[in-house]
Structure formats: structure tokens, C-alpha cells
Amino acid sequence: MNGRTLTDAQIASALRAHLPEGAYPGLRERILDAVETTTQQRTLPSFLGSVNAAYGKLAMAAAAVLVVAVVGYNLLPNRGGTGGPLASPPSASPTPSATPAAPAMLKDAPHAACSPAGGASNCLAPGTYRLTGNVWPGEITMDVPIGWFEWQPYTWDDAYDAVLVGDGTNGGSGWGVVFSVVDAVSKDPCDPAKGRFGRAETATIDQLVAAMRSWPGFQATVPGAPTVVSGYSEQLVELTSTRNATDCPNGSVWTIPQGGNVDAYPMVGAIGKARTGTYRIVDVGGTLLVIMATDFPDTSPNELGQGIPDDRSRHAADQVALHRILDSIRIAGAPAQP
Amino acid sequence: MDALTALANAATSADDALVRRARSGDPAAFGLLVDARIDRCYRLAWSILSNHADAADATQDALVSAWRQLPRLRDAAVFDGWLNRIVANAALMTRRHRVRLREVSVRPAEPGEGSSEPEPRQDLHARSQMDEMVDNDSIGRAFDRLRPQDRAILALHYVEERPVAEIARSLGIPVGTAKWRLHAARAALEKAMEAEA
């Protein structure tokens, strides 16, 4: 039968014979024993991690994308307060510490009021945290101020994580910093049928920028020369688009290594009010880490989609906090550079 | 047909209720969900890892992770796709950390390996059974040589018979992409079969 087309029945029959019938006896008990001693995480807003939003609603969910900036761990002194909440919102001035400890992951962060005046209590407690999951090129940490929340489109084990301003309710703000690791880059973010570039074609910063410049209906601008962050090369790219939610309903700029899609938000707005996405592409030992920030003062497309009025200065104050987050980003324990 | 539909709806409704109970912290409800899915989860993990011990570890990691994250799942109806995704991720991460598995999974089958050369039989029925065994063995070896992502989507479709929409959700991709990937994985399997010749 080699060399001929297989039928569905042949494949199904062969794979059923090839794969194990099921788990071995005892695994169920092992799992349920572990469950008995495992606490469920129920502190995050229900909006977060809602997998049913997965694709069609990803653009809206991405509005809540957490953007985490990665800034030279190797170049900056260590700061205090790692691994837990800070007594006060972090400042841009680093505080030396002689004993750096691994900060807690964002998913394990305690929750606190979203503003000094109180209100919703489901924001991240201000502090220094690392991105959720052990899937990142190095340990990526940042200082999170008061009034932000973590948003993840998929699971804790994906290289896709975000910190967004607000409390995450009512659809989220869609305004903040989003981290992702680049795997397969789309040839056209709005047309999956055109396929992806080969990984070798987008393995470097320059190649990824070239790919972004080739996207139909998108404009990628490089505002300056590459910089060095935590000892790693970084290139800033500003991305805009003339595409809209009608002709690009399921935008995907690239996939992450675990297979999920990173959408085209905020360039392709939910209701046609697109904004500029600010992409920091960092080459961390051969892995491209992208930090996307919604670095604009206007009401986000996600908020516009919720009926919030267009306000040119809605996030003006948040931009100060955003820049502090970006400036606090560090990468530790990354692979050695060639 | 109506009775079957009613039965299916009742089962779905009961599962949704279990998910909601588990989501609110009921480990017994979660145990029932595990009972109905552990074999499928294990096969999915095995399809990626080709190794019993690692598949068991990945299945355990995934199901415990699912329990922990369950309060964050808003729609009980998408539980299966959500769970498959966690299992696939756990298996892929396990595989990434164990390079030796990669070597096993791409190792070309050696001539005469396994049970591909059974004793000749005379009657037609036995002949047919033998052909099927040979075919199954060849397809199985070809399957082992595919990329883990291809193996996962083939297992979900052909063995677990999951709907394409759920497979798409499991893999975090659009339905159209899932269809394309399924087609590509099948083509890869047929190509790997040629290499088995």
C-alpha cells in the first residue's frame, strides 16, 4: 500500500492500533491526589483566560493585551521588592539589591485595589513579577504599578502574556503591553490562505522587519537604529494598517511556538478605529521576543467597541505608567549569545 | 434520531453541569470529568511524545493545570477544546525539554523492525488480516516520523473524532487553518509512508 493514497478508514484503524488504548491504571488516582492538594486560581476576573474568545474574539481580547517591556537586566542594577507586592507603586529609579530572588509569576501575583481610592480589587498588587510560564527566552521581569491586570489569551504555558491597564472587567481596556515569542510569521496577517514564511526567513530582527514591511495593507516604520537591551539587540518598529475588522476579522501576525495566534490588534481595530502598535523586537540568543505596546493616549479600539467615547487623552496618564513598565523590563538567565 | 439527539443534548448538559461544579471548586465533579477524558488525554499526549512515562507525566501536569485554571474558563461548553489545548501544550513542553525524544520520533524505521513480517498464511481471510497488520504497522511507523503537531491533529481527528471546530480551539487556530493543517498532516503521513517503502 506504500505510495498510494490512504483512506480515512485506513488511517483511523492504523492509528487506533498504534496509539495506546488509554492511561495505565493508577494514573487517575495520581492526578486526583495532586488535585486534592492544588488550589484553584480564582482571583482573576472572569474575562481573563476565556478560551471561548479564542479566535473570532481574539482581536477584542487582545485589546486587553498586557505589554511587558524588556529592559537590560544585565545593564540595570537589581531592584528591591522582587517576588511580591511593593509597598508603593514602583518608580523609574532602580533600587540596588544585593540578593536578587526570582520574582513570582504574574499568575501568582496577589490582587489588590485598582486605585489608591479603592474600587475594584482585582488588579495586580503593585510589585515586580515575571511573565507567566517557563517558556520564555530567559526570565523576563517587570515592575507593575497600581491599576493593571494580567491578560493571557491561552494558557499559562504559552509564550503569550500581557499586562493591561484597568481591572479587566467589561471586556478589558485593550491597552497595555503584550509579550510574545515569534514562531511562524504570516505572509498576510489578514489572509491565512497565503500561509507563513519559513522560520529561517524570519529568524533575525532584520528579516522579521522585512516581513512586516511586506504585509499588504500594513505600514511598518523603523524610527531609529537598533539599540541594546539587557545585552540583546532590539529594534523598535511602529506598525499601522489600513485594513479593518471587516476585511481582516481574524488577523494573525504570527504564531507562538505553542501554536496560538498573535492577532493584528490594535492596527486592525474592532470598529475601524485602528491605532499604531509599537513593537520592540528583541533577539534573545536567537529567539525573537516581541514586546508590543499600545503607546497612544487615545481610547483603545477595544474600548471603542464597548461604546466608550473616543477621547484623545483617555490614556495620557497611563502612558507614563506604561513607559515605566517598559523601562523596568529585564531579561535574566537568557541563553548565551553567539 | 430525535431520541439520539436528546440523549446527546442531555450528555452535553450533564457535562456542562460537571464543569460548572468543578469550576466552583468541587473535586468530585472534576474527578468525573477526568474519568471520561483521561484516556483521550493520555493518547493525545502519547501521540506527541511516543513514550508512556512522559505521556503520563504530561497528562498529569495538564489535568492538574486544568483544575487550577478552571475558574478562568468562562464557557463550560468549550471545556474539551480547552482541555485538549492544555494537554497538547504540556506534551509539547515536555518534548522540548527532552531532546532524546526528538531523536526517537524522527528515527527512521529499520528493515524488519517490529512485527512487520508475519509468517505467511494461506487462506484469504488470514491474508487480509496480515495485510491489515502490515499496513497498520507501516502507517504507525510513518506516524511516528511526523512532526508532533501533525501527530496531534491526526490523533484528534482520526482517533478521537473531535469536530474540526474543537480541534481548532484545541490548537488555538482558526477553523480554516485547522482544516489546512489536517490536510497537510495527512499528506505528510502519506509521504512518510512512501519513505517506509
Side-chain angles (χ1 to χ4, degrees), chain A residues 1-6 8 10-24 27-28 30-32 34-36 38-44 46-56 107 134-135 152-158 192-193 195 250 252 255-261, chain B residues 25 27 30-31 34-35 38-39 41-43 46-47 52 55-56 59-60 63-65 67-75 77-78 81-82 85-86 88-90 92-93 132 135-136 138-140 143 149 154-155 158-159 168-169 171-177 180 186 189-190 193-194 196-197:
Chain A
M1 72 176 290
N2 293 336
R4 73 169 190 250
T5 301
L6 299 171
D8 285 355
Q10 282 175 313
I11 297 173
S13 169
L15 295 189
R16 287 198 180 99
H18 184 65
L19 295 175
E21 284 188 17
Y24 62 79
L27 180 59
R28 175 190 182 275
R30 224 174 87 183
I31 291 167
L32 295 183
V35 163
E36 286 288 343
T38 302
T39 304
Q40 287 185 317
Q41 174 150 358
R42 52 183 66 259
T43 50
L44 291 178
S46 61
F47 166 73
L48 302 180
S50 171
V51 175
N52 61 331
Y55 213 79
K107 72 177 177 65
N134 295 308
V135 292
Q152 285 187 291
Y154 300 129
T155 77
W156 290 348
D157 297 319
D158 283 342
N250 296 319
S252 169
T255 58
I256 55 174
Q258 295 77 23
N261 285 280
Chain B
F30 188 72
V34 168
D35 285 345
I38 187 170
D39 288 344
C41 292
Y42 182 78
R43 278 193 296 270
W46 196 96
S47 73
H52 286 290
T59 302
Q60 176 172 345
L63 286 168
V64 173
S65 177
W67 163 256
R68 200 165 44 217
Q69 299 184 53
L70 203 44
R72 300 167 70 175
L73 177 66
R74 189 169 55 179
D75 184 356
V78 300
W82 176 80
R85 175 146 178 74
I86 294 176
N89 280 347
L92 288 168
M93 289 310 300
E132 186 177 336
D135 286 355
N136 283 353
S138 300
I139 294 172
F143 177 82
Q149 295 90 335
L154 289 172
Y158 288 106
V159 180
R169 194 177 297 119
L171 303 178
I173 55 180
V175 171
T177 304
W180 180 85
R186 182 185 176 128
L189 181 67
E190 290 173 346
M193 283 288 294
E194 290 177 15
E196 287 289 321

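Each chain gets a letter, A, B and so on, in the order its sequence line appears, and its residues count up from 1. Keep in mind that the numbers below use all heavy atoms, side chains included, and drop hydrogens, waters and symmetry copies.
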Any idea which heavy atoms bring [X] and [Y] closest together, and the distance?
| X | Y | answer |
| --- | --- | --- |
| Asp39(B) | Gly22(A) | OD1-CA, 3.4 Å |
| Arg85(B) | Gln258(A) | NH1-O, 3.7 Å |
| Arg16(A) | Tyr158(B) | NH2-O, 3.3 Å |
| Leu32(A) | Gly31(B) | CD2-CA, 3.8 Å |

Could you work out, with side-chain hydrogen bond (donor to acceptor under 3.5 Å, both in side chains) as the rule, every residue matching Arg28(A), not counting sequence neighbours?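 With neighbours one apart ignored, the set is Asp35(B).
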Working to the nearest 0.5 Å, report the span between [atom1] of [X] and [atom2] of [Y].
| X | Y | atom1 | atom2 | answer |
| --- | --- | --- | --- | --- |
| His18(A) | Ser138(B) | NE2 | OG | 11.5 Å |
| Ile139(B) | Ile11(A) | CD1 | CD1 | 6.5 Å |
| Arg30(A) | Leu63(B) | CZ | CG | 11.0 Å |

Are the side chain of [X] and the backbone N or O of [Y] linked by a donor-acceptor pair below 3.5 Å?
| X | Y | result |
| --- | --- | --- |
| Gln60(B) | Leu27(A) | no |
| Arg68(B) | Val35(A) | no |
| Trp67(B) | Thr38(A) | yes |

With a 4.5 angstrom heavy-atom cut-off, which part of Tyr42(B) approaches chain A: side chain, backbone, both or neither?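 Just its side chain gets close to chain A.
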Under 4.5 Å from a heavy atom of chain A, the part of Val34(B) involved: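 For Val34(B), the contact with chain A is made by the side chain alone.
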May I ask you to name which of Ala34(A), Pro192(A), Ala23(A), Ala12(A) has the most heavy-atom pairs under 4.5 Å with chain B?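 Max contact count across the listed options: Ala23(A).
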Side chain, backbone, both or neither: which part of Glu21(A) has a non-hydrogen atom closer than 4.5 Å to chain B?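 Backbone only.
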